[in-house]
J.: 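Have a look at this one.
Below, read A as the first sequence line, B as the second, and so on, with proteins coming before strands; counting in each chain starts at 1.
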There are 2 protein chains.
Amino acid sequence: MPKAKTPRRTGYHHGNLREVLIDAAVQLVEEGGPGNVSVREAAKRAGVSPGAPFRHFANKTALMTAVAEQAMSRFRSEITNAVESVATDDPIERFAAVGIAYLRWAIRNPTHFQVISTRSLIDWDSSESLRHDNEAVRALVEGSMVEAQRRNMLRSYDIAETQIAARALVYGLARMCIDGHFAQWAVAGHTAEQTAQDVLKHFVALIGNEPETAKKADLTLEHPD
Amino acid sequence: MPKAKTPRRTGYHHGNLREVLIDAAVQLVEEGGPGNVSVREAAKRAGVSPGAPFRHFANKTALMTAVAEQAMSRFRSEITNAVESVATDDPIERFAAVGIAYLRWAIRNPTHFQVISTRSLIDWDSSESLRHDNEAVRALVEGSMVEAQRRNMLRSYDIAETQIAARALVYGLARMCIDGHFAQWAVAGHTAEQTAQDVLKHFVALIGNEPETAKKADLTLEHPD
DNA sequence: AAATTATGTAATCACTGTTTACAATCCTGG
DNA sequence: CCAGGATTGTAAACAGTGATTACATAATTT
């Protein structure tokens with residue numbers, strides 16, 4: 001009998017190392033951002049040798065991509081749930097709901113949002129799931145946009161550009177929070193999340209057809225940066 | 001005579017290693033983005049031992065911060081030059097000029113824009129110069145915004161929110177390009193730069209008071225992502 | 001039961017940021 | 001002008017990283 005050297009782990013072949021590694025990586029992301037993830041540390045936390053992860057992931061990027069897929073799925077759920085639970089069928093309100101849910105998730109899960117939005121960390125093109133979830137969100141925005149135009153609720157006729165502007169605005173707000181451009185800002189009375197939402201609503205009012213735009217005069221926000 | 005071990009370099013103490021290291025790091029950034037920078041490689045290119053850089057920079061972040069300062073200075077110059085060489089004194093046109101110059105520089109210097117906008121790479125707070133240049137750009141935007149409001153050229157009364165929206169939009173556009181969210185997009189007829197400019201102009205039209213907004217119906221842009 | 005395949009380990013490689021002890025050069029005050 | 005301290009370089013080391021390799025063990029198929 002060869003007397004197993006380290007029989008500490010039962011069912012020696014671990015069974016579901018892949019999932020455990022992803023969970024460990026998720027935890028590392030939450031603890032200190034994407035930069036805090038190391039394959040070795042994930043392996044250590046899974047109670048496995050440093051080379052073991054490479055039986056399940058071609059490289060670190062593949063592991064990060066799996067983390068991103070998990071995060072993206074939650075991200076998409078939050079958004080689709082939010083828009084489904086919106087009372088009205090007003091397309092502009094539905095559009096706003098998407099943006100607000102987007103910002104809410106991004107600001108509350110900054111490290112994970114960083115993972116799913118920074119392409120250098122992951123292998124976006126190789127992941128069906130990432131593209132699929134992303135497309136679902138995009139389609140949600142486009143759908144409400146098209147419907148809003150059909151009802152003549154938009155100021156501009158060019159929904160393509162309006163849509164890109166909307167995406168860029170929301171993405172920009174999320175990243176400005178995450179990249180730390182709002183240092184002074186969050187210190188002020190308003191939370192970053194609240195302010196981001198206000199700005200989004202401001203934008204929504206701008207694209208709308210209503211002659212009376214948001215005239216809530218001054219929130220006297222500290223200037224960002 | 002102790003016969004210098006490696007007298008290959010004249011004026012042995014190199015004279016201006018600090019600048020040479022920054023230049024090497026800049027080159028590395030250009031070659032492969034911020035992730036391509038290593039202190040050791042910069043040292044090698046400067047013809048110096050791996051420990052030498054730490055006589056001039058406390059750590060890698062300090063080196064990257066120096067790189068960022070140089071980039072930020074160019075970034076600011078491009079923007080201030082652009083707005084100064086704008087013919088009209090129309091504040092909204094001046095505002096648009098800032099945004100266009102911003103996008104132009106970011107898209108043409110993506111790796112450097114990544115350096116100056118990703119706070120995890122640099123020590124933003126410790127750099128007077130970074131804050132100063134950033135504030136100059138911000139003030140430029142705010143100035144034109146305030147003036148536009150004074151002339152009653154804006155739709156909304158809340159310039160604070162409009163200003164944040166503008167910043168977020170431009171930042172979002174720049175980062176979407178850089179983070180690779182426009183893959184299919186750039187392949188289409190329009191360059192990323194042209195499209196980003198169009199979207200910016202679209203936004204500028206939206207915030208303006210003119211009843212007739214941009215009605216250039218369809219550019220039939222491929223959808224991003 | 002034997003052969004094959006999947007999945008782990010151990011050792012190793014090249015590379016990274018950073019620190020330490022030491023050496024060479026420069027600068028300045030007597 | 002030169003003694004001595006401050007600068008600024010080197011060499012060697014350390015711990016950590018992603019990744020590969022040869023090998024061992026467990027699960028699975030034949």
Side-chain angles (χ1 to χ4, degrees), chain A residues 1-22 24-25 28-29 31-68 115 118 120-123, chain B residues 1-25 27-29 31-67 115 120-123:
Chain A
M1 176 185 171
K3 192 177 81 168
K5 265 170 115 182
T6 50
R8 44 182 178 269
R9 205 165 54 252
T10 72
Y12 200 89
H13 259 170
H14 197 294
N16 60 337
L17 178 55
R18 190 172 199 280
E19 276 66 29
V20 172
L21 284 170
I22 296 175
L28 286 166
V29 165
E31 286 173 19
N36 191 45
V37 177
S38 87
V39 177
R40 298 180 95 99
E41 179 62 22
K44 187 186 292 181
R45 294 195 179 189
V48 100
S49 75
F54 294 96
R55 295 288 175 194
H56 298 270
F57 302 96
N59 46 38
K60 183 183 183 177
T61 302
L63 172 58
M64 295 303 285
T65 303
V67 172
V115 172
T118 307
S120 60
L121 293 174
I122 61 182
D123 187 356
Chain B
M1 176 183 173
K3 190 177 84 168
K5 266 171 113 181
T6 51
R8 45 182 177 267
R9 207 165 53 251
T10 73
Y12 199 91
H13 259 169
H14 197 294
N16 60 337
L17 178 55
R18 189 171 201 279
E19 277 66 30
V20 172
L21 284 171
I22 296 175
D23 289 350
Q27 202 179 320
L28 287 166
V29 166
E31 287 173 18
N36 192 45
V37 177
S38 87
V39 177
R40 297 181 97 101
E41 179 62 23
K44 187 186 292 181
R45 294 193 179 190
V48 101
S49 75
F54 294 94
R55 295 288 175 196
H56 299 271
F57 302 96
N59 46 38
K60 182 183 183 178
T61 303
L63 172 58
M64 294 303 284
T65 304
V67 172
V115 172
S120 60
L121 293 175
I122 61 182
D123 187 356

J.: Specify the closest pair of heavy atoms between Met64(B) and Val37(B), including all atoms of both residues, with the distance to one decimal.
T.: SD-CG1, 3.8 Å
J.: Between atom CG in Asn16(B) and atom P in dG9(D), what is the gap in whole Å?
T.: 9 Å
J.: Which whole-number value in Å describes the distance from Leu21(A) CG to dT7(C) C1'?
T.: 12 Å
J.: Strictly under 3.5 Å: I want the nitrogen or oxygen pairs between protein and nucleotides 19-21 of chain C, one per line.
T.:
residue	atom	partner	partner atom	Å
dA21(C)	N6	Arg55(B)	NH2	3.4

J.: Rounded off to whole Å, could you give me the CE-to-P distance for the Met64(B) and dT16(C) pair?
T.: 14 Å
J.: Closest to the Val48(B) side chain: dT10(D), dT9(C), dG17(C)?
T.: dT10(D)
J.: Rounded to the Å, how far apart are Leu28(A) CG and dT17(D) C1'?
T.: 14 Å
J.: List in chain and number order the residues that pass side chain to side chain donor-acceptor pair (under 3.5 Å) with Asp123(B), two or more places apart in sequence or in another chain; answer none if no residue qualifies.
T.: Ser126(B)
J.: Heavy atoms only: give me the nearest Ala46(A)-Val20(A) pair and the separation to one decimal.
T.: CB-CG1, 3.6 Å
J.: Side-chain N or O of His56(A) less than 4.0 angstrom from OP1 or OP2 on dA6(C)?
T.: no
J.: Identify, with sequence neighbours excluded, every residue that meets side chain to side chain contact (heavy atoms under 4.5 Å, CB included) alongside Phe57(B).
T.: Arg18(B), Leu21(B), Ile22(B), Ala62(B), Leu63(B), Ala66(B)
J.: If an axis is fit to five pairs at each end of the helix from dA1(C)-dT30(D) to dG30(C)-dC1(D), what is the angle between the two, to the nearest 10°?
T.: 0°
J.: Scan Asp23(B), Val29(B), Ile122(B) and name whichever one has a side chain to side chain contact (heavy atoms under 4.5 Å, CB included) with Val67(B).
T.: Val29(B)
J.: Which pairs pass side chain to side chain donor-acceptor pair (under 3.5 Å) with one or both residues in residues 51-65 of chain A, sequence neighbours excluded?
T.: none
J.: Could you list by number each residue of residues 32-42 of chain B showing a heavy-atom separation from DNA chain D of less than 4.0 Å, or answer none if no residue does?
T.: Arg40(B)
J.: Per the side chain to side chain donor-acceptor pair (under 3.5 Å) rule, what does the pair list look like for residues 32-49 of chain B, sequence neighbours excluded?
T.: Glu31(B)-Arg45(B), Glu41(B)-Arg45(B)
J.: Output the rounded distance in Å from CG (Asn59(A)) to P (dA19(D)).
T.: 5 Å
